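The structure appears below as C-alpha cells.
Computed from a prediction, not measured in an experiment: that's the story for all the values here.
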Amino acid sequence: MAAKSCQDGHPAEAFGWAARDHSGVLSPFKFSRRATGEKDVAIKVLFCGICHSDLHMIKNEWGISSYPVVPGHEIVGQVTGVGSKVEKFKVGDKVGVGYMVGSCQSCDSCHDDLENYCPETIVTSGGKYHDGATTYGGFSDIMVADEHYVIRIPENLPLDAGAPLLCAGITVYSPLKYYGLDKPGMHVGVVGLGGLGHVAVKFAKAMGIKVTVISTSPKKKQEALEHLGAHSFLVSRDPDQMQAAMGTMDGIIDTVSTMHPLFPLIGLLKTQGKLVLVGAPEKPLELPVFPLITGRKIVGGSSIGGIKETQEMIDFAAKNDITADVEVIPMDYVNTALERLSKSDVRYRFVIDIGNTLKI
C-alpha cells in the first residue's frame, strides 16, 4: 500500500515516489496537490532530471529535510489546465519548473528578477508553500505551480535532454553572465566534468569562449576534448601541467561539490581573475588570502538564477542546440540511479521518463 500524505485536504490526487527517512530509499507515494488557482498552471509531468541536490535532500545531508520527500526540480511537461488569470500559458504548451516555485515578490532581489536570492524563496521539493503545505517535487505525475515560476520550453528543445538545464544549465549560465565571463575570446576554466561541468563547457563554447577543463582524472581528457570540444585539458593533480597554465585564465567555474584545494585554482587566474564556486561542499573550504590580495582576484559564488534569466538561458540553449547528455531511465530504476549517482557513475545526468513509466 502506498502511504497517504498529510495533505489529503487538497483536491488534486497525485502519485509519485518519496523518501520516508534518511536512508533515502524511494517508494511509491500517494498524495494530493492544491486546486489550480487563478494564477496557477497545472502540468502533466513528462520528464524529470535527477540532481545531486536531490541526493542531499532525500538523505537529509543538509539537515533541512522534512519527510516524506518527493524529490525533483528539473521538471518538464505539458500544460493541462490554467487559472482564470493566467496570461503566459495555455493548455498544450510545453513548460518547465526548476528549483523554486515561490518567493516574496516584494524584496529587492524579487524586484531585480533575482527570486533565487529572495530570503523567502520556496523550493520545489521539501519547502513550505504560502498555505503551509509541504512542496513535493517532480518525481510525480502532476504539478501545480504559479505561472510566474513556470518556464516556456521552445519547440526545438528536446524535453528529456532539456530537463537538466532547469537546474544544471542555469547554475552555470548565470555566473558566466553575471561575472562577465561571457565575452568572446576570453579563457575560462571549468573544474569538474560532471552534470554541471559538461553543460558549462557547452554554454561557454557557444558564447565564443576558450574553455579548459580541469579535472583530477586523466581519463576525462578524451571526453573533454573530443566529445565536448573543450580547447584544452588540465589534470589538477599534475603540478607540471598546473604550473604551465598559471596566470592564463580570465575566470574559472568550479562545479565540484566535494572537499578540494582552492589555492592551485587561484594560481591559474590572471590578475583580476574570478573563481566562481557553484558546487556545494558539505564542509568549509580553505581560502588562501595572499594570492587574492597580490592579484586582486575574486572568489565568488552563484546559485541557479531568477525566472527571467532562466527563460533567457533556455532560449539561448534552444538557439544554440545545447542539451545535457542524459541517460533516460524508468521510474522503478530510480533507487539504482541514485546509488550510481552517489558514485558519480552517470554520463552526465539521469532523467526519469515520468510520462511513460510512472505507474500506480
Count the heavy atoms of every other residue, nucleotide or ligand shown that sit under 6.0 Å from OH of Y178, and state whether that count exceeds 12.
-> no

One should read off an interatomic distance between C167 SG and D54 CG, to the nearest 0.5 angstrom, of 8.0 Å

Please confirm whether R340 makes a cation-pi placement over F350, using NZ or CZ under 6.0 Å from the six-membered ring centre and within 45° of the ring normal.
-> no

Are F15 and F29 close enough, and set up right, to give a ring pair (Phe, Tyr, Trp, His ring centres under 6.0 Å), and what steps lead you there?
-> CA-CA 6 Å; F15 177 71; F29 177 57; 8.8 Å; no

Salt-bridge contact E120-K128 (side-chain N to carboxylate O under 4.0 Å) | no

Sub-4.5 Å side-chain heavy-atom contact between L285 and M259 = yes

Shortest non-hydrogen contact from F31 toward G16 | CE2-N, 3.8 Å

Are any of the side-chain heavy atoms of I43 and I142 separated by less than 4.5 Å?
-> no

Close side-chain approach of T134 and Y136, heavy atoms under 4.5 Å | yes

All heavy atoms of I322 vs all of A206, minimum pair found to be CD1-CB, 3.8 Å

Point-to-point distance, once rounded to the nearest 0.5 Å, from CE of M331 to CG of D353 = 11.0 Å

How about H73 and S53: do any of their side-chain heavy atoms sit closer than 4.5 Å?
-> yes

Take Y99 and I170 through the side-chain contact (heavy atoms from CB on, under 4.5 Å) test and state the conclusion after the steps.
-> CA-CA 10 Å; Y99 194 73; I170 188 59; over 6 Å; no

More than 12 heavy atoms from other groups under 6.0 Å of OH on Y67 = yes

Taking everything shown except N156 itself, do over 12 heavy atoms lie less than 6.0 Å from its CG?
-> yes

Within a radius of less than 6.0 Å around NZ of K297, do more than 12 heavy atoms belonging to other residues, nucleotides or ligands occur?
-> yes

Distance col, row K44:NZ vs M143:CE, nearest 0.5 angstrom, shows 14.5 Å

Can you tell me if NE2 on H22 sees more than 12 non-hydrogen neighbours from other groups inside 6.0 Å?
-> no

May I ask you to check whether over 12 heavy atoms, not counting those of K319, lie within 6.0 Å of atom NZ?
-> no

Single hit among K219, R347, K220 for side-chain contact (heavy atoms from CB on, under 4.5 Å) with L193 = K220

K359, NZ atom: more than 12 neighbouring heavy atoms under 6.0 Å = yes

Sub-4.5 Å side-chain heavy-atom contact between V41 and V86 = yes

How many angstroms lie between atom CG of D182 and atom CZ of F316, to the nearest 0.5 angstrom?
-> 8.5 Å

Testing L55, V346, V326, I329 for side-chain contact (heavy atoms from CB on, under 4.5 Å) with I50, which one passes?
-> I329

How close do K85 and E147 get, heavy atom to heavy atom, and via which atoms?
-> O-OE2, 3.8 Å

Are any non-hydrogen side-chain atoms of F233 and S215 less than 4.5 angstrom apart?
-> yes

